[in-house]
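Below is one structure, written out as structure tokens; comments come after it.
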Protein chains: 2
Amino acid sequence: MSDPGLACCTPLTGTPMSANQAEQVAPLLKALADPVRLRLVSLIAASAGGEACVCDLNDAFDLTQATISHHLKVLHSAGLLDREKRGVWVFYAVKPEALSAVANLFDTTMPVPA
Amino acid sequence: MSDPGLACCTPLTGTPMSANQAEQVAPLLKALADPVRLRLVSLIAASAGGEACVCDLNDAFDLTQATISHHLKVLHSAGLLDREKRGVWVFYAVKPEALSAVANLFDTTMPVPA
DNA sequence: GTCAGGCATCGACGACCGTCGATGTCTTCG
DNA sequence: CGAAGACATCGACGGTCGTCGATGCCTGAC
């Protein structure tokens with residue numbers, strides 16, 4: 001390493017993601033990197049008003065209510081979902097800002113040439 | 001459950017992601033859901049020609065060469081990176097199709113209202 | 001043919017993740 | 001008040017992940 005005359009590789013032209021930015025975005029992707037959580041976000045986003053209650057989400061999967069609650073907590077802790085208690089039921093809503101942050105990640109730092 | 005008269009929740013208006021689609025997309029997100037791999041993809045995408053050799057990537061991290069090789073293998077196995085051996089060195093290149101597939105995921109199935 | 005270097009693979013270890021059953025908390029109803 | 005239902009939390013289990021040191025393979029140089 002550190003051989004100045006070698007230059008085996010192409011230099012970095014653009015501005016790659018910083019280590020700090022990577023550490024911040026990775027948790028969001030990690031929260032979404034699960035089939036169940038992906039479907040949960042999709043179900044909530046496709047619901048009227050961009051929100052859905054846990055009882056309905058629970059019926060959409062062959063999983064225990066405890067497992068669904070856990071996944072919702074992960075998504076909420078990652079800042080992807082908002083939680084609102086209405087009476088006996090709890091409604092989760094998508095946070096468009098968080099999703100657009102992920103979308104911007106692929107638009108800004110990884111531009112497809114053509 | 002299965003009480004037909006309850007209707008506690010909002011009905012699903014849009015078309016949520018299918019279980020099959022979620023199972024297909026989740027591995028891509030899981031491959032990207034790591035700070036090191038995120039920076040690897042970013043570094044490669046920011047390099048000239050959208051490709052970079054392992055020796056250069058190895059110098060950008062405080063990790064073992066074996067670890068970097070492992071992460072590159074994960075990204076390659078997920079279909080996000082292309083591998084090309086040139087002489088002694090190995091070059092990895094981003095696959096724009098795979099990245100745009102992820103980008104489409106957030107554009108198509110989760111449209112931000114405004 | 002021998003040597004050096006770039007990269008992949010192997011085996012191992014600790015840490016984390018997804019799922020479950022059981023239990024707790026809180027709200028509404030009668 | 002007590003009962004029932006919706007949801008969260010707890011503790012535990014097996015599986016996967018990220019990282020490492022050691023080793024193997026393959027290429028180019030001498």
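Lettering of chains follows the sequences in order, A, B, ..., and the numbering in each one begins at 1.
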With B for base contact, S for sugar-phosphate-only contact and - for none (protein heavy atoms under 4.0 Å), nucleotides 22-30 of chain C reads B---S-S--

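Checking C:dC7, D:dC7, C:dC17 against the side-chain heavy atoms of A:Lys30 singles out C:dC17 as nearest.
For the pair A:Leu63 CG and C:dG18 C1', the computed distance is 9 Å after rounding to whole Å. Here the P atom of nucleotide C:dC7 and the OH atom of B:Tyr92 are 9 Å apart, to the nearest Å. Here C:dT9 presents its C1' atom at 16 Å from CD1 of B:Ile68, a figure rounded to the nearest Å. Straight-line distance from the CZ atom of A:Phe61 to the P atom of C:dC20: 12 Å, rounded to whole Å. Regarding A:Asp59, its CG atom lies at a distance of 12 Å from the C1' atom of D:dA6, rounded to whole Å. The nearest whole Å value for the distance from the CG atom in A:Asn58 to the P atom in D:dG5 is 15 Å. Per the geometry, CG belonging to A:Asp56 stands 15 Å off C1' belonging to D:dC7, to the nearest Å. Atom-to-atom, CH2 of B:Trp89 to C1' of D:dC25 comes out at 18 Å; the value is rounded to the nearest Å.
Axis orientation changes by 20° from one end of the helix from C:dG1-D:dC30 to C:dG30-D:dC1 to the other, with each end axis drawn from 5 pairs and the value rounded to 10°.
Residues B:Leu28 and B:Leu32 have side chains not in contact (no heavy-atom distance under 4.5 Å, counting atoms from C-beta outward).
Linking ILVMFWY side-chain heavy atoms closer than 4.5 Å, directly or via other members, places B:Val36 and A:Leu29 in a single hydrophobic cluster.
Proximity of a side-chain donor or acceptor of A:Ser100 to a complementary backbone N or O of A:Pro96 within less than 3.5 Å is detected. Between the side chain of A:Ser47 and the backbone N or O of A:Leu43 there is at least one donor-acceptor pair closer than 3.5 Å. Looking at B:Thr64, its side chain never comes within 3.5 Å of a backbone N or O of B:Thr67 through a donor-acceptor pair.
Here the closest non-hydrogen pair linking A:His71 and A:Leu40 is CB-CD1, 3.7 Å. Between B:Ala31 and B:Leu80, the shortest heavy-atom distance links the atoms CB-CD1, 3.9 Å. Closest approach of B:Ala52 to B:Leu57, counting heavy atoms only: CB-CD2, 4.1 Å. The shortest non-hydrogen separation linking B:Leu38 to A:Ala22 is CD2-O, 4.1 Å.
Distance check: B:Leu75 CG to B:His70 NE2 gives 9.5 Å after rounding to the nearest 0.5 Å. Between B:Met17 atom CE and B:Leu105 atom CG the span is 4.5 Å, to the nearest 0.5 Å.
If you check residues 69-84 of chain B against DNA chain D, the residues with a heavy atom closer than 4.0 Å are B:His70, B:His71, listed by number.
Considering only side-chain N and O atoms, B:Thr67 lies under 4.0 angstrom from the phosphate OP1 or OP2 of D:dC20.
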